[in-house]
Amino acid sequence: MRNAMALAAKSLKVPGDDLAVIRKAFDTHGIVDSWEQQAGTHDGTTIGARVLPAYEVYGGVHEQAAQINGDVYAISHGDAIAWDRGGAAFNITVGRFSKLHGNAEHEIAQDDAYLLNPSLDDDRIVFTRITADGIGIYAAGNKGQGAIKKLVDDPAADETEPVTDHGDLAWIRTTPDGEQDVMLRRADGTTVNVTPEPGTRAGRLAMKHGSIAWAGGADRSYVRLYDIAAGTTQSKRIGGFLFNSVGDIQFTSDRIFWRENSSLFGSTNFMSAPLNDLAKWAKLTGTYLAQFSVSDNYFAYPTYDAWSGLGAWSGPDKIKVQVAGTADVVAGTGAFSRASCSSGAQPAPSLGDGQRVAWLDTTAADTDVVTRATFAGSCE
């Protein structure tokens, strides 16, 4: 507001003395330069300022503020300036939690290419690369610090949604006839089509701990779970499939977790099942069109009310990251507490090792990626 008024005055060639009066009037009311960023309570460390989350503007598959593997994080984001000018740009910021106060960030970017949907393991970052010539899977070694190299880029198909784990690579291969096959390249270089049957539709790909999962069917109403060692697939159709669809899918070492979205009521249910038996699924908790993140130790999600789930702005006090022990949540006894006491909205949480957590934060009157090494607990 202050800057807009000052720019308008300058454009009207208001004399300098009058500009000084305008500035003093704002100062008197506490509206000093950058006052928006000084407002609110902030209890985390910003690792991505004024980001334009790629999943918001592009519909990317990742719904967490950052992808995390140990000490390394990757933030998939757009370029707000490019979008404001009618263009577009998507890059990936890579950094290390152990060097938050140093100069450890690195930008993975290419001219005339969108780089999206990063996935990390101990050695590399893989991502989707979109250009005018095609869509393929590329990687940056040395935990994202190395040169960009092609992994899979077939001119006859589009390769998207890459996931990497201990050197294995999975992705979705889409051909002009609409087929969407789940592909797996093992660390030894052998490649297999996990879904060789005709008419496959797949999305929301995930891979970890020797398993691959995806949302199957044209309406995304199936959870498919593939055991890499055994070469077998389990399948479950979700309830209310006429209105519901499978959203994000994640793993712990012994369970699969997924989100079910309702297009009818705007609600979200978080579900889970043991990896060895999808039939033993259970509902964990529910909210309204929220994201989630899970590790072996903790389960996190942001609270929304019904109106914000339907697209209304209900205020930042309605959207806060809640965390509880994973085993307790599965058992139905989860005692949720706050990940952060920041006063802004806190969507899109992402869990790392221990209590490391990152989320999108609006405390500074913008959208930042913020992190904490430990949960806040109570905010009383």
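Quick caveat: nothing in here was measured; it's all calculated off a predicted structure.
- Annotation for S378 and C341: closest pair O-SG, 3.8 Å, computed over non-hydrogen atoms.
- Ring pair F90/Y114 is perpendicular by interplanar angle, where above 60° counts as perpendicular and below 30° as parallel.
- Aromatic ring centroids of F270 and Y301 lie under 6.0 Å apart.
- Minimum heavy-atom separation, Q291 to A348: OE1-N, 2.9 Å.
- The pair R186-D168 meets the salt-bridge criterion, since a charged nitrogen lies less than 4.0 angstrom from a carboxylate oxygen.
- The residues D277 and R255 are annotated as not salt-bridged, no charged nitrogen and carboxylate oxygen being separated by less than 4.0 angstrom.
- With hydrogens and angles disregarded, no donor-acceptor distance shorter than 3.5 Å links the side chain of Q67 to the backbone of A74.
- Taken to the nearest 0.5 Å, the CG atom of D153 stands 6.0 Å off from the CD atom of E159.
- With F292 as the aromatic partner, R259 does not meet the cation-pi criteria of under 6.0 angstrom to the ring centre and within 45 degrees of the ring axis.
- Counted within 6.0 Å of CG on D188, heavy atoms from surrounding residues, nucleotides or ligands total more than 12; the atom is thus considered enclosed.
- I319 and P347 make their closest contact through CG2-N, 4.0 Å (heavy atoms, listed as atom of the first residue, atom of the second, distance).
- Minimum heavy-atom separation, I249 to A215: CD1-N, 3.7 Å.
- When atom types are taken as modelled, the side chain of N117 and the backbone of F127 share no donor-acceptor pair closer than 3.5 angstrom.
- Using a cut-off of 4.0 Å between Lys/Arg side-chain N and Asp/Glu carboxylate O, D154 and R173 are scored as salt-bridged.
- With S293 contributing its side chain and L351 its backbone, the two residues share a donor-acceptor pair below 3.5 Å.
- Look at E63 and R204 and you find a salt bridge, because one of the NZ, NE, NH1 or NH2 atoms lies within 4.0 Å of a carboxylate O, short of that distance.
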